[in-house]
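Notes for the one structure printed next.
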Number of protein chains: 2
Amino acid sequence: MPPILELEAIRKNQIIEAAIMAMAEFGSANVTMADICRAAGLSKGGLAHYYKSKRELFKAVFEEFFKRIFVRCRDKMAEFDDPLEKLLSLELLYDADDQDAVIGYPILFDFMSIAVHDAEYRQIFRNWINNWIELLSQALIKGQEQGFFGKFDPDPVARSISAIYQGIATRWYLSPELHSTEWALDTLRRGVKGFLASYDNKR
Amino acid sequence: MPPILELEAIRKNQIIEAAIMAMAEFGSANVTMADICRAAGLSKGGLAHYYKSKRELFKAVFEEFFKRIFVRCRDKMAEFDDPLEKLLSLELLYDADDQDAVIGYPILFDFMSIAVHDAEYRQIFRNWINNWIELLSQALIKGQEQGFFGKFDPDPVARSISAIYQGIATRWYLSPELHSTEWALDTLRRGVKGFLASYDNKR
DNA sequence: ATATATCGACCATTCGGTCGGATTATAATT
DNA sequence: AATTATAATCCGACCGAATGGTCGATATAT
């Protein structure tokens with residue numbers, strides 16, 4: 001009988017948490033199960049009781065982590081009312097003091113490099129992106145209704161803005177000496193505003 | 001005595017070529033030396049004669065491949081005279097029929113995920129980016145001299161444009177069903193033009 | 001004869017996963 | 001209450017497979 005009713009949920013959480021840290025530290029390609037066991041304070045067999053294979057664990061880690069980042073960003077965006085401010089509100093993605101950001105990029109890079117060769121991972125990536133797109137689209141539609149933005153199909157525009165976010169992040173994270181947070185934020189503002197302005201009715 | 005004087009160069013080239021293909025196919029984390037040997041038509045010992053370790057070979061592969069892509073893009077950009085056209089000329093980066101592009105992204109993703117945990121790789125990344133920045137900066141400066149662009153420091157602006165290129169590429173490559181080449185090219189044009197327009201003297 | 005080039009068997013190590021057994025806490029039984 | 005039964009949780013030694021690198025032997029061209 002289970003000693004505590006929610007033990008499974010507790011253990012799984014503890015394992016995922018440890019795996020996130022270990023994967024971020026060593027890289028998904030280099031972490032061993034032993035690393036993760038150590039970080040989780042469990043033995044090999046103990047961990048195996050909850051996650052039957054490395055692949056299954058990795059999938060759970062990636063999905064959990066993406067969800068976490070997304071929820072944080074959604075909440076942050078909800079703090080703003082102005083549509084443009086919403087679109088520019090995800091500055092936490094370029095915050096070197098933010099643990100989720102600092103840990104998140106190693107995980108994201110690893111994830112993408114695996115996804116290249118793994119259709120199941122690509123599906124996870126697509127779903128994740130689609131969440132972002134929906135979020136950004138809502139702000140875009142609101143901006144159109146209020147007459148701030150021009151006329152366009154919100155979906156591809158949301159994808160463009162999302163891509164700009166990611167491009168900036170890549171540079172900001174991998175080469176911070178030459179891509180400061182100020183540069184990232186300035187690029188974001190000019191990029192997004194400029195992109196939207198391209199739909200304004202002037203020509 | 002070497003049977004042919006340039007044998008070493010020939011063999012190294014042959015090995016790098018094989019490694020590029022194998023790494024792109026299986027992913028850097030999964031390729032084995034045996035894979036690369038097979039692709040190169042050499043034995044383990046034969047390959048070891050030219051590259052003493054896997055790490056050394058990988059470094060050579062990444063550097064060679066980055067150089068190749070860069071040279072192609074530089075030449076392409078040189079075909080155009082108009083500064084804005086130069087900045088938008090790298091459409092080959094979103095060409096699904098271009099072998100270098102199709103093979104290049106798996107390699108780039110792998111490289112970045114390794115670079116996260118490897119200072120030497122980050123240095124290679126920085127150097128590579130700096131090449132792009134110089135290239136883009138030249139076009140920007142030319143555009144400023146000709147009065148097409150506003151007044152700004154070309155270096156950070158070049159970094160922004162370069163980041164936009166990369167952000168689009170990430171989505172285009174990993175989720176082509178939802179990010180068509182047309183979307184990529186449209187995003188590029190609007191993104192770059194809009195970004196530059198943000199420096200025009202209106203306010 | 002000599003230096004280079006190539007081969008492939010071999011070695012040491014690492015790692016993911018398994019499995020029998022120990023442990024623990026509840027449930028059932030006496 | 002004490003004892004036994006049961007089912008879950010957890011341990012860590014062990015195994016087999018894979019892999020990077022080595023090395024002595026062989027071949028080739030000067």
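Order of the sequence lines fixes the chain letters, A, B, ..., with proteins taken first and strands second; residue numbering starts at 1 for each chain.
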Checklist entry - Is any side-chain nitrogen or oxygen of A:Arg11 closer than 4.0 Å to OP1 or OP2 of D:dA8? => result no
Next on the checklist: Rounded to whole Å, please give me the gap between CD1 in B:Ile10 and P in C:dT4.
Outcome noted: 18 Å
Checklist entry - Would you say C:dT6 has OP1 or OP2 under 4.0 Å from some side-chain N or O of B:His49? => result no
Next on the checklist: How many whole angstroms separate atom CZ of B:Arg55 from atom C1' of D:dG21?
Outcome noted: 16 Å
Next on the checklist: From the set D:dC10, D:dG20, C:dG16, return the single nucleotide nearest to any side-chain atom of A:Ser43.
Outcome noted: D:dC10
Next on the checklist: By nearest atom, which of the nucleotides D:dG20, C:dT18, C:dA5 is closest to the B:Met33 side chain?
Outcome noted: D:dG20
Next on the checklist: Within the 4.5 Å heavy-atom criterion, are B:Phe109 and A:Phe109 side-chain neighbours or not?
Outcome noted: no
Next on the checklist: Expressed as a whole number of angstroms, how long is the span from A:Tyr51:OH to D:dC10:P?
Outcome noted: 13 Å
Checklist entry - Whole Å only: how far is the NZ atom of A:Lys54 from the C1' atom of C:dT14? => result 11 Å
Next on the checklist: Just the rounded figure in Å: distance from P of D:dG21 to OH of B:Tyr50.
Outcome noted: 18 Å
Checklist entry - Quick one: A:Leu47 CG to C:dC15 P, roughly how many Å, whole number? => result 16 Å
Next on the checklist: Nearest to the side chain of A:Ala48, heavy atoms from C-beta on, is which of D:dG20, C:dT6, C:dT18?
Outcome noted: C:dT18
Item to check | Euclidean distance, atom CG of residue A:Leu7 to atom P of D:dA7 [Å, nearest integer] | outcome: 18 Å
Checklist entry - Between B:Arg122 (side chain) and B:Val116 (backbone), is there a donor-acceptor pair under 3.5 Å? => result yes
Item to check | B:Asp186 and B:Arg190 ion-paired at < 4.0 Å | outcome: yes
Checklist entry - Under 4.0 angstrom, heavy atoms only, what part of the nucleic acid is B:Lys44 near: base, sugar-phosphate, or nothing? => result base
Item to check | Short N-O contact, A:Glu64 and A:Arg68, less than 4.0 angstrom | outcome: yes
Item to check | Interatomic distance, B:Glu56 CD vs D:dG20 C1' [rounded to whole Å] | outcome: 14 Å
Checklist entry - Name the one of A:Glu91, A:Glu182, A:Glu85 that satisfies salt bridge (Lys or Arg N to Asp or Glu O under 4.0 Å) with A:Arg189? => result A:Glu91
Item to check | Closest to side chain of B:Leu42, choosing from C:dT6, D:dG21, C:dG16 | outcome: C:dT6
